[in-house]
Amino acid sequence: MNAPLLVVDNLRTWLDAGKTQVRAVDGVSFAINRHETFALLGESGCGKSMTALAIMRLLPEAGRIVSGSVLLDGQNLLALPEIGMRTVRGKRIAMVFQEPMTSLNPVMTVGRQVAETLYRHTSLRGAAVQARVLELLDAVGLPDARARCNDYPFQLSGGMKQRVVIAIALACEPDLLIADEPTTALDVTIQAQVLDLLRRLQHERGMAVMLISHDLGVVAGMAQRIAVMYAGEIVEMADREAFFAAPRHPYTRKLFASLPGAARRGRQLEIIRGSVPPLDSDFSGCRFASRCDFAWQKCSDEIPVWSEVAPGHQVRCHLLQSTERVVSETVVPPLPASLPESTVETSLLEVDDLKVHFPIRKGLFKRVAGHVRAVDGVSLAISPGRTLALVGESGCGKTTVGKGILQLIRPTGGSVRFAGEELTQLSGSALRARRAAFQIVFQDPYASLDPRMRVADIIDEGMVALGTASAGERQAQMDKLLGQVGLSAGSKYRYPHEFSGGQRQRIAIARALAVKPRLIVCDEPTSALDVSVQAQILNLLRGLQDELGLAYLFITHNLAVVEYFAHEVAVMYLGRIVERGTVEEVMNAPRHPYTQALLSAVPVVDTASRREIIRLAGDLPSPANPPLGCHFHPRCPRAMSVCRQNYPAAINFSATHRTSCYLYRK
Amino acid sequence: MLFKPVLLWTDVLLWLLLAGVGLYAWKVRQREHLIRPWRRLLRSRSGVASAVVLLAFVAVGVLDSLHFRLPLEKQGSNTGIHYSPEVLSVFDLIAGPLRKRVEKTYSAPFAAHLYTKETIELPGGKQLRDYPRLKYGGAHLRDPERELGEDVVLTALQGGAYALILLSGLTVLLSLWLARRRGVAPGAAWATIRQGHDEIPWRTFLITLGLLILCACLAVVFSAKYHIFGTDKVGQDVFYLSLKSIRTGLMIGTLTTLVMLPFALLLGIMAGYFRGWVDDVIQYVYTTLSSIPGVLLIAAAVLILQVYMDSNQDAFDTVVARADIRLLFLCVILGITSWTGLCRLLRGETLKLREMEFIQAATAFGVGHFRIIARHILPNVMHIVLISIVLDFSALVLAEAVLSYVGVGVDPAMQSWGNMINGARLEMAREPMVWWSLAAAFVFMFVLVLSANLFSDRMRDAFDPRTR
Amino acid sequence: MINYIIRRILYALPILIGVNLLTFALFFVVNTPDNMARIHLGMKHVTPDAIAKWKHERGYDKPLMWNGAAQGGKQATDTIFFEKSVGMFVFDFGRSDEGREIARDIKTRMWPSLAIALPVFVIGLAVNITFAMLMAFFRATYIDFSGVVLCVAMMSVSGLFYIIGGQYLVSKLLHLTPISGFDSGVNAFKFIILPVLIGVVGGIGSGARWYRTIFLEEATRDYVRTARAKGLSELSVLFGHVLKNAMIPILTGAVVVIPLLFMGSLISESFFGIPGLGSYTIDAINAQDFAIVRAMVFLGSVLYIVGLILTDISYTLVDPRIRLE
């Protein structure tokens with residue numbers, strides 16, 4: 001075998017943070033071979049992006065490389081002068097960034113942005129450049145490249161932009177492509193497209209890819225070799241097969257165990273207790289020791305060294321060198337049986353034909369020229385103590401459904417009956433009095449807590465507004481709530497910024513619980529969180545449901561969470577629900593082509609259970625101008641002529657399972 | 001009665017403002033998240049240095065805002081006490097000699113002679129055209145030509161010595177205090193100060209304070225004997241005028257914001273929060289107001305005020321009261337022309353905030369509009385208000401000079417840097433030039449505005465949520 | 001696009017009406033014509049007859065808004081409001097209190113104003129951008145730091161001192177240009193140099209510092225990182241990417257003042273004795289000529305609103321996101 005393409009040795013990168021130095025990357029070493037995909041896996045803040053930026057020498061101004069070497073074909077990049085480095089960037093190593101929305105220059109056409117790299121690194125000029133740009137845009141699957149070439153980035157969808165960024169990276173046929181979370185900002189069907197593209201391009205061009213990701217599923221589908229990063233260093237490195245068959249480091253094992261999914265239904269998820277230690281000082285032992293279930297004295301006294309458990313599989317852990325310590329799989333206690341399945345009760349919430357339209361104003365006098373039909377006739381029902389998951393890609397209107405139900409946005413039409421009472425007709429004060437019964441938990445725990453209020457005031461607010469209790473009672477209630485969500489009573493005098501994302505989400509849940517609601521709308525409550533923290537929140541929500549008999553409307557795009565957590569599922573596409581049923585029905589036997597495609601596009605860890613991926617062409621159309629007939633027909637692989645004419649009526653497969661699709665027309 | 005207190009309108013407002021600042025400080029002390037930006041501010045060196053200078057200016061301005069009238073000397077058997085029509089301030093008492101030592105006309109800094117030649121009657125009855133000696137400036141010198149240099153050096157040494165004593169005393173006190181707070185030896189506290197290792201840059205604090213004290217001591221010892229910035233056309237000490245102008249500058253810089261703040265806050269937040277027609281109306285109002293060129297609107301308003309005051313002369317019992325009303329009115333009209341910027345900023349920020357999830361969460365609890373505004377929106381826009389108050393301050397101090405030059409500034413009878421410049425401008429063509437009024441106004445304005453600018457820079461860094 | 005501009009212009013109308021009503025209220029309701037007459041005729045020893053005569057000569061003796069004594073349409077038109085305020089919409093400014101025709105004065109005086117203000121604007125913009133680019137290029141070095149310190153110091157100096165200092169240094173000590181005055185045609189050049197120079201220098205402090213912040217903010221965006229990852233040099237990143245994006249806020253911020261250039265600068269014109277609209281206004285203020293001040297207030301507002309419309313148009317020109325939507 002040839003010498004590796006890239007060798008990173010003992011790389012250390014520090015970030016200035018006022019008086020302290022954050023050691024974001026602390027002694028990282030790895031090698032990437034030619035034609036191979038190497039994945040750097042880790043949760044947010046572990047230093048994986050900093051490693052990539054250090055290799056490119058594109059660190060932010062506060063960052064600096066303290067020591068180490070980066071050899072590309074034997075040449076030390078860290079020793080190159082800046083001018084020399086510029087001939088490497090874009091030509092030999094290219095990079096694709098996470099956020100396609102912002103990583104293109106907004107006032108430059110995409111064609112010119114691709115051409116710029118060619119002008120910089122090749123001798124092509126004039127028409128030859130133009131031809132090459134078109135070739136590249138074609139290669140990354142930009143439809144109608146000749147016309148798109150003169151478009152500005154804002155005219156392209158997120159997926160298209162990411163294709164352009166990839167085209168820029170490919171322009172000079174680099175030896176190494178660094179892809180930093182290339183699909184994290186994209187929807188799951190688009191993610192499948194982009195990952196496909198990366199795989200194909202690598203195969204065709206034989207370049208090496210360094211993939212940075214937090215998503216075990218993405219890594220499983222892409223990488224040949226995997227390195228797991230934790231707190232600034234690599235803790236485990238292995239080939240894909242070995243890695244997914246038997247991860248060895250306790251941290252990696254925990255990561256796997258905290259993944260939600262159908263297999264873990266009815267059980268608690270494994271969590272990693274505590275949080276990542278601060279990175280501003282030297283470590284005297286293993287960085288994971290304080291959170292590890294198997295840690296013993298040696299772990300905090302001695303820094304573990306690499307041990308090779310199999311050829312090519314290295315782990316940095318004391319466990320693997322000691323014989324007396326046996327790693328036993330911790331047994332997670334099953335949850336107490338949740339409420340008897342499908343006890344047919346009267347629904348707590350019944351939504352019928354809910355419509356939320358936003359006017360589009362145009363022309364001289366801002367006349368209403370049309371409507372964005374964000375929600376266009378959604379019906380659903382939730383029983384007490386049950387969870388209904390509302391699933392869909394971004395822009396499908398699922399969040400608007402949640403806000404429409406809570407009357408945070410007044411619906412345009414339809415009815416919302418809560419405990420038999422029609423909410424849409426209630427006046428302001430009457431509605432205010434009933435608000436205690438239905439609450440909301442938001443996606444972003446950083447935006448959903450007022451930074452200028454103490455935790456006590458935050459939780460108090462709802463109780464005061466609804467006048468539920470006296471001051472003394474409220475204090476007692478608050479302590480109880482904080483205990484329920486797993487925070488100490490002392491935290492009530494602190495401010496939100498002193499808490500981590502997961503803890504903030506706990507505070508948000510406590511705030512919602514304070515007014516004793518019967519229904520909580522959870523709007524993507526875990527999608528801003530890392531996997532291990534997500535597990536904590538899901539466990540908490542599940543426990544609260546069993547304890548208090550809460551009903552959840554769980555809005556999410558994450559199907560693994562749905563499989564683990566929900567009782568029923570409704571799949572939304574462009575303002576309407578296309579399929580609805582119990583979680584078993586929908587997940588195991590999806591009927592609507594969109595549901596099928598969505599399920600197949602989810603990257604899964606277990607390569608054996610991978611579904612045949614159904615390719616979806618194109619992007620989600622605009623809800624201002626939905627396609628005639630079935631909204632899904634332009635992207636549907638099984639579209640028929642009838643699909644283009646009328647929206648299909650719902651067809652029942654069972655008492656609970658129904659879909660709107662012509663395929664099942666009698 | 002020893003004196004009769006006089007409450008000018010601007011004094012009242014200034015004391016109200018100070019009370020407000022005190023209240024705010026008291027509130028800040030209790031809340032960790034409010035202290036944090038201030039602490040960040042106090043940790044930067046330019047922040048501390050500029051704060052020290054600003055405080056010195058404020059001290060003069062505040063002393064100059066305690067007004068009263070002294071009783072006239074008893075005349076004959078008159079039983080009642082009559083008070084002098086002259087309104088004085090505490091500062092005037094402190095700077096008493098400076099105020100009273102009025103020469104005939106212009107004289108240069110440190111001069112012992114008048115700027116213009118006059119006919120002097122010699123004892124023998126002969127007349128001579130020469131520069132006459134000043135009544136006060138350098139009057140102690142027998143032969144100014146020879147003795148001046150020596151006297152200046154000696155006096156400077158004397159002033160320097162005073163400054164050194166004062167500063168050392170303060171340093172010792174500071175070291176002792178820090179030592180007690182930290183529970184270390186005073187020597188150790190002094191060592192950290194000297195090496196500049198403190199959280200709060202006490203070394204910078206001491207250096208700035210030291211320079212200030214040095215300037216103050218030199219000014220005190222010199223102005224006992226000389227006019228250090230010369231005298232103006234009617235022989236008043238320019239240094240005294242410059243000091244008196246501080247109050248005017250501070251008033252314009254602070255009261256204007258005080259006047260405009262309620263409008264800007266109320267309308268800006270209302271427009272952003274309620275949107276719809278409320279927003280349309282408020283936007284219309286501030287676009288209309290801001291489309292009128294500020295200077296012209298001020299000019300028009302001040303002209304009209306003049307007309308009003310000329311036709312109602314009886315309403316003001318003293319010259320000072322009259323000038324004061326004009327100052328207040330100027331602040332009001334400046335406020336009206338300058339609230340639109342802050343209003344627009346607040347509207348934009350409120351628009352952003354009301355979409356934030358924590359506001360929606362409050363709505364989901366059924367919290368009323370008023371409470372949402374008071375508890376969520378107002379605290380979250382306060383940093384913008386603070387920053388813009390400080391940013392506007394320096395612009396307003398500079399604007400005063402320009403307005404006074406145009407003739408629509410403060411009352412010509414009121415001491416202000418603008419009036420000083422305006423007066424000196426007419427003498428520009430003289431040979432040799434009468435430069436000292438300009439120089440004094442320049443130095444004072446520059447120091448004040450520069451420290452305000454530096455302070456606002458630091459403040460913006462400390463309060464900007466993005467720097468957290 | 002056309003629709004958009006028409007809408008902006010229509011939107012400007014109510015603002016103009018608002019300005020007009022406001023000035024009317026300020027000049028005729030708060031401050032009655034009687035007061036004006038007294039100011040001009042002296043406060044004491046003035047007979048009611050003299051006041052009536054003064055008012056009649058200037059048309060200030062009519063009712064404010066509604067002439068009940070007149071016939072038909074005259075009830076609305078034969079009033080101070082109609083004659084003095086409504087006329088301004090068609091730029092009929094009437095006569096000054098001294099009897100001169102204001103519109104003609106404005107026409108002759110706006111060119112000297114423009115001769116100073118336009119070069120100050122153009123050169124100032126170029127100089128400020130250059131300085132800001134230099135500071136941005138050397139960001140976080142001592143060059144940048146001292147540049148910022150210099151800017152803060154320069155913006156702490158009152159504009160009056162720039163003029164006084166400039167006149168003293170350039171004209172009085174070095175005798176390079178005349179202290180003040182103006183001439184027509186090519187001869188005007190030597191009178192223009194100094195005011196332009198001072199105008200540019202006086203604006204550097206705040207201008208360059210502001211643009212620097214814009215540049216630096218733009219330089220931290222993601223697309224700049226993408227550009228660097230292409231291997232572009234720091235200069236091509238700065239000129240090819242950062243400048244292009246930063247020009248959007250800079251240009252649109254600058255465009256709004258372009259129409260106001262006609263108004264000239266109050267201070268520098270009166271110091272340099274330039275017969276422009278700025279010194280015209282100052283003279284009017286000093287002479288308490290309300291008719292001229294009123295006309296200038298309205299004119300200034302109109303020009304500002306034109307500036308706002310131009311800003312909107314310039315947005316559509318420089319920003320493809322607005323142009324193409």
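Labels below follow one simple rule: chain letters A, B, ... track the order of the sequence lines, proteins then strands, and each chain is numbered from 1. Because only heavy atoms are used, hydrogens play no part in the values below, and waters and symmetry mates are left out as well, while side chains stay in. From a predicted model like this one, the values you see are computed outputs, not experimental measurements.
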Quiz item: From C:I305 CD1 over to B:T287 OG1, what is the distance, rounded to the nearest 0.5 angstrom?
Solution: 9.0 Å

Self-check item: Minimum heavy-atom distance C:S156-B:L398, with the two atoms named
Solution: O-CD2, 4.1 Å

Practice problem: Select, from C:V149, C:V293, C:L160, the one with the greatest count of heavy-atom pairs under 4.5 Å involving chain B. | Solution: C:L160

Self-check item: Engaged part of B:S46 at the chain C interface, taking heavy atoms whose separation is under 4.5 Å
Solution: neither

Exercise. To the nearest 0.5 Å, tell me how far C:S158 OG sits from B:F442 CZ.
Key: 9.5 Å

Self-check item: Under 4.5 Å from any heavy atom of chain C - which part of B:V408
Solution: side chain

Quiz prompt | Close side-chain approach of B:N453 to C:R209, heavy-atom, < 4.5 Å | solution = no

Practice problem: Below 4.5 Å from any heavy atom of chain B, which atoms of C:L308 appear? Answer side chain, backbone, both or neither. | Solution: side chain

Quiz prompt | B:V295 vs C:T281 side-chain heavy atoms within contact, under 4.5 Å | solution = no

Scan the side chains in residues 10-28 of chain C for donor-acceptor partners under 3.5 Å anywhere in the protein, sequence neighbours excluded, and list what turns up.
unit_1 : atom_1 : unit_2 : atom_2 : d
C:N20  : ND2    : C:S85  : O      : 2.9
C:T23  : OG1    : C:V19  : O      : 3.0
C:T23  : OG1    : C:N20  : O      : 2.8

Quiz item: Side chain, backbone, both or neither: which part of B:A452 has a non-hydrogen atom closer than 4.5 Å to chain C?
Solution: neither

Self-check item: Contacting moiety of B:V406, where chain C heavy atoms sit under 4.5 Å
Solution: both

Practice problem: Check the angle between the aromatic planes of C:F271 and B:Y405 and answer parallel, tilted or perpendicular using the 30° and 60° thresholds. | Solution: parallel

Exercise. Of all the heavy-atom pairs spanning C:A153 and B:L450, show the shortest one and how long it is.
Key: CA-CD1, 3.8 Å

Quiz prompt | Crowding at OH, C:Y168 (>12 non-hydrogen neighbours, <6.0 Å) | solution = no

Exercise. Under 4.5 Å heavy-atom distance to chain C, tell me which part of B:I421 shows up: side chain, backbone, both or neither.
Key: side chain

Exercise. With a 4.5 angstrom heavy-atom cut-off, could you sort out which part of B:L438 is near chain C: side chain, backbone, both or neither?
Key: both

Practice problem: Side chain from CB out, backbone as N, CA, C, O: work out which of these in C:S206 comes under 4.5 Å of a heavy atom of chain B, or both, or neither. | Solution: neither

Exercise. State whether the number of non-hydrogen atoms from other residues, nucleotides or ligands found under 6.0 Å of B:Y284 atom OH is greater than 12.
Key: yes

Exercise. Report the option among C:I267, C:I282, C:V148 that has the most heavy-atom pairs separated by less than 4.5 Å from atoms of chain B.
Key: C:I267

Quiz item: CZ of C:R221: more than 12 outside heavy atoms within 6.0 angstrom?
Solution: yes

Quiz prompt | Among B:G407, B:A300, B:S394, residue most engaged with chain C (heavy-atom pairs, under 4.5 Å) | solution = B:A300

Exercise. Heavy-atom pairs under 4.5 Å with chain B are the metric here; pick the option from C:M155, C:R294, C:M296, C:Q167 that has the most.
Key: C:M155

